[in-house]
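First comes the structure, then the notes that go with it.
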Amino acid sequence: MAKWVVGSAWPYVNTVPHLGNLVGSVLSADVFARYLRLKGEDVLLVSGSDEHGTPIEVEAKKRGVEPKELTDKVHAYVKKLFEEYLISFDNYTRTHNPVHIKFVQDIFMKIYRNGYIFTESMIMPYCPKDKMFLPDRFTVGRCPYCGAPDARGDQCERCGKLLDPPDLVNPRCAFCGSRPIWKKTKHWFFDLPRAAEGLVEWLERSSLPDNVKKFTLNWIKEGLTPRAVTRDNKWGIPAPFPGAEGKTIYVWFEAVLGYLSAVKELDEKNGTNLFEQFWKDTKSRPVYFIGKDNIPFHSIILPALLRATGEEYPLPYNISATEYLMYEGQKFSKRRRIGVWIDEALELVPNPDYWRFALIRMRPEERDTNFTWREFYRIVNSELNDDIGNFAHRVLTFIERRFGGSVKGKVDEEVKEKIRELHEKFVEAMDKIRLKEASGYVLEMARLGNKYLNEKEPWRLLKEGKEREARDVLYTTLFILREVALHLAPFAPLAAEKLWRMIGEEGSVHERGRLGESGREPPERIGKPEPLFHKLPKDFLEKVDQLLEEARRKVEKRRPI
RNA sequence: AGCGGGGUAGGGCAGCCUGGUAGCCCGCGGGGCUCAUAACCCCGAGGUCGGUGGUUCAAAUCCACCCCCCGCUACCA
């Protein structure tokens, strides 16, 4: 039995996550973690709010509150939302917690002592009025190429040219508009090229997915360079290096360490010894769920950081980097209000199973995919409700009405064999983290059941007095239903549990190791049949824009940001 | 601009690595069944696989160039 640390990218709390964020990281990680538990593996699912960095500091400043005050609220809000989506975190924590802060400082001091940190001086724009160094994008001015008046220091949005702050004509501070001065500052750099030595060999031999492997190898081929790990921000983790007072650790270099500190935090809370078991054993298996923009931080930088401590940590066992979910053909955009945010989604359609299943069915595993309402409607109404829900209902009501709720017979061998094949395909896909593909096999099970029922026509058998044959047929479809519940569990936990009870099973379908019971015969006595799902109304597609507007208005009142 | 990923029936996607009658779901047309939440099952129509050129007996699949979309490109997370 392996030890798995399943980590999902840490949501940055300057905003509420949208559906694309959800499917790319947290939801996918949860589905995978649930699958592993179902297989009987030892799993820790961890993530948390990424709350340091300039954008938060700026937002807090704008509101006249302390950054902590702001992130307290957003963290609580987002954490509750993930609970509503039934994300089964073992620890959903935050980067501004004492355990993480100390852990990060310890790690960086080890790296420092091992000689992977050096300093370099640089000249940066500094706003005398706000008393802070200005990150590139917070210095604005006239673009030297196209003359746009509000070009940012990193790039001109009008002509797309990449800039450096000194290029700007009449530069000014993005917050107060005053003219920045150029001031010398010192930063601490991480010697990534040295720390990453040997990682190429690991990568080439690793079984990481093609997109991650290729991207990373290419990234390395283009040449690794030392990266600045300190910032002149106030809001963040104080850099522990001698002489670095007033500096903080760049968020990217500390948030990824949260996968480790989150486990440490569990130990401190519960007096357990999980960190040793899950993080200090090189045979344990860290798996990360991230978006495609995030690959090198997980495939290179985190491993290099850990390696530079001189201690032994497991390398990434797998990294599932999804492409992007688009919204009706466009990019999700907070500013332009394009898309659906996770609080609005539940306000609009309150059942988390519907969103979970639909999002996994649209999961951008190989390429960008498109969230469309039409597709959402199709998945909920036709896949969940008709194929699965109605199959369950027709089987169970038939057993209730014609057999008084109890049936026992012989399970069709051919069906058993087909289910076994689907189960194997399911496991294979899941192991490769092809969650969308795996969800398809659950549907195939239900379709197999529907087809079997249509072909065998037990209602006709009863009329012809062939009661024993009818019993065999119904017991066989009950067998299929049991498999549907089992395999649906990671995707739609509520419905799977309900179905599990309705077929008369004991305990919870989510019990550890339950997937190993695939192929067993179902109980004889069923529970009370009830519809598993309900369709979205026929006029849903015509009304959805209006409904979304209403949901958005409601949700915005309680949103902290 | 450079690098990476992608462009396959009306919609959503798989196939491409390991060339050889183009596949799945929805929608549409026809039929069947009546146990079921007007659900289910079967049959059918619909694609010159972004464009051009090349390699090959044979290309969605390999190569080159072009067009469009997405991401990354060191202080934005």
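Order of the sequence lines sets the chain letters (A, B, ...), proteins ahead of strands, with each chain counted from 1.
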A/Phe82: ring-ring contact (aromatic ring centres under 6.0 Å, His included) partners, not counting sequence neighbours:
A/Tyr92
Just jot down the ring-ring contact (aromatic ring centres under 6.0 Å, His included) partners of A/His96, sequence neighbours excluded, or say none.
A/His52, A/Trp235
Qualifying residues under side-chain contact (heavy atoms from CB on, under 4.5 Å), relative to A/Lys234, sequence neighbours excluded
A/Glu57
With sequence neighbours left out, what residues match A/Val58 under side-chain contact (heavy atoms from CB on, under 4.5 Å)?
A/Thr54, A/Phe138, A/Phe175
Pairs satisfying salt bridge (charged side-chain N to carboxylate O under 4.0 Å, His left out), at least one member in residues 473-483 of chain A, at least two apart:
A/Arg482-A/Glu505, A/Arg482-A/Glu517
Partner set under ring-ring contact (aromatic ring centres under 6.0 Å, His included) for A/Tyr288, not counting sequence neighbours:
A/Tyr259, A/His298
Checking A/Thr185 now: which residues fulfil side-chain contact (heavy atoms from CB on, under 4.5 Å) with it, not counting sequence neighbours?
A/Met122, A/Met124, A/Phe133, A/His187, A/Asp232, A/Lys247
Intra- and inter-strand pairs of RNA chain B in dot-bracket (Watson-Crick or G-U wobble, both distances under 3.5 Å; | for another strand):
((((((((.[[[[.)....(..]]]].(((((.......))))).....[[[[[..)....]]]]])))))))....
Just the table, please: protein N/O against nucleotides 39-43 of chain B N/O, every pair under 3.5 Å.
{"unit_1": "B/A39", "atom_1": "OP1", "unit_2": "A/Lys535", "atom_2": "NZ", "d": "2.9"}
{"unit_1": "B/A39", "atom_1": "O5'", "unit_2": "A/Lys535", "atom_2": "NZ", "d": "3.2"}
{"unit_1": "B/A39", "atom_1": "O2'", "unit_2": "A/Asn390", "atom_2": "OD1", "d": "3.4"}
{"unit_1": "B/A39", "atom_1": "O2'", "unit_2": "A/Asn390", "atom_2": "ND2", "d": "2.2"}
{"unit_1": "B/C40", "atom_1": "OP1", "unit_2": "A/Asp387", "atom_2": "OD1", "d": "3.4"}
{"unit_1": "B/C40", "atom_1": "O2'", "unit_2": "A/Arg394", "atom_2": "NH1", "d": "3.0"}
{"unit_1": "B/C40", "atom_1": "O2'", "unit_2": "A/Asn450", "atom_2": "O", "d": "3.4"}
{"unit_1": "B/C40", "atom_1": "O2'", "unit_2": "A/Asn454", "atom_2": "OD1", "d": "3.1"}
{"unit_1": "B/C40", "atom_1": "O2'", "unit_2": "A/Asn454", "atom_2": "ND2", "d": "3.3"}
{"unit_1": "B/C40", "atom_1": "O2", "unit_2": "A/Asn454", "atom_2": "ND2", "d": "2.9"}
{"unit_1": "B/C41", "atom_1": "O4'", "unit_2": "A/Asn454", "atom_2": "ND2", "d": "2.4"}
{"unit_1": "B/C42", "atom_1": "OP1", "unit_2": "A/Lys451", "atom_2": "NZ", "d": "3.2"}

Qualifying salt bridge (charged side-chain N to carboxylate O under 4.0 Å, His left out) pairs with a residue from residues 443-452 of chain A, counting only residues at least two apart or across chains
A/Asp387-A/Arg447
With sequence neighbours left out, the residues meeting salt bridge (Lys or Arg N to Asp or Glu O under 4.0 Å) with A/Arg378 are A/Glu375, A/Glu383
Write down the protein N/O and nucleotide N/O pairs, taken from nucleotides 4-9 of chain B, whose separation is under 3.5 Å; answer none if there are no such pairs.
{"unit_1": "B/G7", "atom_1": "OP1", "unit_2": "A/Arg367", "atom_2": "NH1", "d": "2.9"}

